[in-house]
Amino acid sequence: MKIAGSVTGSAGVASGHRLATQAGIEALQAGGTAVDAALAAAFTQWVVNAPQSGPGGEMVALVADSGSDDGADSRVRVYGGWSRAPLAAAGGDSAAREEGRPATSGPRNAVVPGSLRGAEAAWRARGRLDWTNLFAGALAAAAGHTVTARMADVYERVESRGHTAALRRMLGGERAPKAGATIRMPDLAATLKTIALQGPDAFYLGRLADRLVEAAEAEGAALRHDDLAAVEATVEPALRHDLDDMVLWVTGAPSQAAVTPALLAAAPPGADPASRDFAEAVAPLTEQQLTEFCMRGPARPAGTAVATALDAGGLSATVVHSLAGVQFGTGWVAGGTGVAFSNRVGTALSDRADLPGCNLRGGAVLPHTLSAAHARRRPGPGWMTVATPGGDRQVQWLAQAVQRFRRGAAPADIAAGSRWFVCPAGDRFGVPAGIGEPWYAFAEPGIAWRDDARLAGYEVRRTANVGGGLQLVVGGRDTGRRSERSVAELASDPRSGGAALAV
């Protein structure tokens with residue numbers, strides 16, 4: 001299995017963890033579609049990347065018939081499993097409310113999770129394998145898997161934030177496991193087995209739902225049966241944007257992804273995304289667009305995972321799923337279930353009067369940073385399906401990835417290229433907390449202006465690594481093969497420690 005760079009084949013999977021990629025490959029080999037493969041990888045990530053993703057969060061899948069040359073909008077669809085604020089959400093403690101924001105830590109900030117409904121919708125529309133089969137990799141990993149160096153760092157951050165109760169409920173101990181350690185998740189394994197055998201209704205309507213609500217009531221979360229029963233997936237065409245040299249489809253509301261086409265429209269088509277020309281064109285627009293998005297209804301960061309797959313029929317799928325909870329916020333794991341909950345009720349909301357779009361409303365779908373895109377060059381061959389995590393940085397990285405694609409960069413270079421972003425210091429994920437605060441430009445090594453003092457009015461701050469997680473598949477490039485439509489390249493972001501594998 002290739003851990004960095006790219007692989008070429010008629011089908012394949014790229015994800016942020018080698019076990020997840022392997023689970024996706026096994027789904028393809030069993031006759032599954034790209035949707036089956038991406039979901040199998042995602043469900044495995046719920047275990048091996050547990051502090052960053054899981055059934056207690058949110059998920060969006062962008063699915064494209066990449067083998068078609070017409071690029072019809074109907075062939076690029078989005079399946080959204082968005083989270084909601086509980087109907088009875090209180091919004092946070094009194095001290096936080098006096099400061100104009102809800103608290104971000106604790107079970108009261110837990111969302112009504114939509115992940116499984118989104119996954120179910122994508123599977124019913126474009127899956128081929130039995131639902132149960134999609135959990136094989138996840139259940140094997142829950143029985144025991146080795147902690148990678150990257151995940152050891154994530155667990156260390158969970159411990160450093162004081163979420164020892166979450167670690168105990170996930171792993172049976174209150175200390176972060178070290179790289180190379182073998183960990184088991186029996187509670188999560190039992191929950192996933194129930195979901196695998198009984199379907200998503202077990203989570204939203206069955207005995208498992210009873211256990212989640214009982215835990216919520218015992219620990220101060222607002223989650224109730226009515227909340228879970230009301231969750232539905234959204235199914236709609238991706239938003240289409242026509243640029244001079246390509247067509248771009250992105251995930252629509254409540255995603256921030258619509259910011260990405262605006263950035264690309266403002267950028268010189270031939271500019272390197274690491275260059276000053278590109279950055280000066282889009283940096284101020286980024287702040288403006290993200291701020292306006294927050295005025296309407298903001299989103300904040302999540303620990304996020306991505307799985308992207310392609311099958312031999314030309315169908316590509318990318319699944320972005322997140323859990324802004326154990327690593328970054330609540331640290332709440334519902335007792336006895338192993339299910340960690342996203343804390344987006346706290347992180348996506350504010351009591352500021354100048355941000356009416358993010359005031360708490362019970363039952364409202366919460367705005368998100370989960371973003372994905374499908375791009376097709378015109379004229380000429382070539383398409384890409386891609387997603388990248390990173391909170392409010394995500395749309396900036398997505399724009400940089402698509403810009404590299406429009407310039408003809410190799411998939412490995414798109415995944416590994418140096419990145420930059422603008423946001424407020426002290427809150428490197430940006431908004432809504434950063435509105436009205438000074439913003440800065442952060443740059444990795446390899447950015448042309450990294451050693452300059454300022455960029456487009458922003459003070460430049462150097463950083464060794466802005467984060468990772470981008471996974472992509474590119475088709476239609478000249479690979480020297482006789483049949484271009486049957487060959488594609490998959491690439492995994494080396495920053496995420498992930499893997500790409502082709503079949």
Side-chain angles (χ1 to χ4, degrees), residues 11 13 20 23-24 26-46 53-68 72-84 112-139 191-206 208-209 228-238 249 251-252 254-255 305-321 365 370 372 374 385 387:
V13 180
E26 290 172 359
L28 289 175
Q29 292 173 331
T33 68
V35 169
D36 292 318
L39 289 176
F43 296 158
T44 304
Q45 286 176 306
W46 284 0
S53 64
E58 40 277 327
M59 174 184 287
V60 61
L62 185 146
V63 182
D65 280 320
S66 308
S68 171
D73 293 354
S74 62
R75 296 181 179 273
V76 187
R77 299 193 69 80
V78 175
Y79 303 86
W82 305 109
S83 59
R84 299 170 180 267
V112 183
S115 286
L116 279 163
R117 286 301 189 208
E120 178 188 29
W123 169 74
R124 289 192 182 281
R126 305 307 299 265
R128 187 182 298 150
L129 299 181
D130 288 342
W131 174 261
T132 304
N133 293 345
L134 303 182
F135 289 84
L139 293 174
T191 293
L192 294 180
K193 185 175 182 179
T194 298
I195 295 168
L197 295 175
Q198 301 178 20
D201 279 356
F203 187 88
Y204 293 102
L205 302 172
L208 180 53
L228 291 171
V231 176
E232 295 181 351
T234 60
V235 181
E236 55 195 2
W249 292 266
T251 47
S255 168
V306 178
T308 300
L310 173 74
D311 61 36
L315 187 73
S316 68
T318 188
V319 172
V320 196
H321 48 115
V365 175
L370 300 190
H374 180 74
T385 296

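Residue numbers start at 1 and run along the sequence shown.
- With rounding to the nearest 0.5 angstrom, the CD atom of Glu26 is 8.5 Å from the OG1 atom of Thr44.
- Scanning both residues, Ala23 and Gly137, for their nearest heavy atoms gives CB-CA, 4.1 Å.
- One finds the CG atom of Leu39 at 8.0 Å from the OG1 atom of Thr33 (value rounded to the nearest 0.5 Å).
- At a threshold of 4.5 Å between non-hydrogen side-chain atoms, the residues Val319 and Val60 do not count as touching.
- Looking only at side-chain heavy atoms (C-beta outward), Leu208 and Ile195 come within less than 4.5 Å of each other.
- Nearest approach of Ala27 to Leu129, heavy atoms of both residues: O-CD1, 3.7 Å.
- Residues passing the side-chain hydrogen bond (donor to acceptor under 3.5 Å, both in side chains) test with Ser255 are Thr251, Ser371, sequence neighbours excluded.
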### Task
Apply side chain to side chain donor-acceptor pair (under 3.5 Å) to Ser115 and His321, showing your working.
CA-CA 7 Å; Ser115 286; His321 48 115; over 6 Å; no
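- Distance OG/Ser316 to CG/Asp65: 8.0 Å, rounded to 0.5 Å.
- Remark: side-chain polar atoms of Arg77 are not paired, donor with acceptor, to backbone N or O of Ala238 under 3.5 angstrom.
- Of the possible donor and acceptor atoms, one in the side chain of Thr132 sits under 3.5 Å from a partner among the backbone N and O of Ala196.
- For the pair Val320/Met59, no side-chain contact is recorded, criterion being any heavy-atom separation below 4.5 Å from C-beta on.
- Within a 6.0 Å sphere centred on CD of Glu232, other residues, nucleotides and ligands contribute 12 heavy atoms or fewer.
- Shown here for Ala125 and Tyr79, the closest heavy-atom pair between the two residues is CB-OH, 3.4 Å.
- Formation of a donor-acceptor pair under 3.5 Å by the Asp311 side chain with backbone atoms of Gly313 is found in this model.
- Using a 4.5 Å cut-off on side-chain heavy atoms (C-beta onward), Trp123 and Asp36 make contact.
- Here the side chain of Thr385 pairs no donor or acceptor atom with the backbone of His374 at under 3.5 angstrom.
- Remark: Phe135 engages Phe43, Trp131 in a ring-ring contact (aromatic ring centres under 6.0 Å, His included) (not counting sequence neighbours).
- No side-chain heavy atom of Val76 sits less than 4.5 Å from a side-chain heavy atom of Val63.
- Contact record, Pro113 with Phe203: CG-CE2, 3.7 Å, taken as the closest heavy-atom pair.
- Side-chain contact between Leu310 and Leu315 is absent, with no heavy atoms from C-beta onward closer than 4.5 Å.
- Looking at Trp249 and Val78, their side chains never come closer than 4.5 Å, going by heavy atoms from C-beta outward.
- With sequence neighbours excluded, the residues satisfying salt bridge (Lys or Arg N to Asp or Glu O under 4.0 Å) with Arg124 are Glu120.
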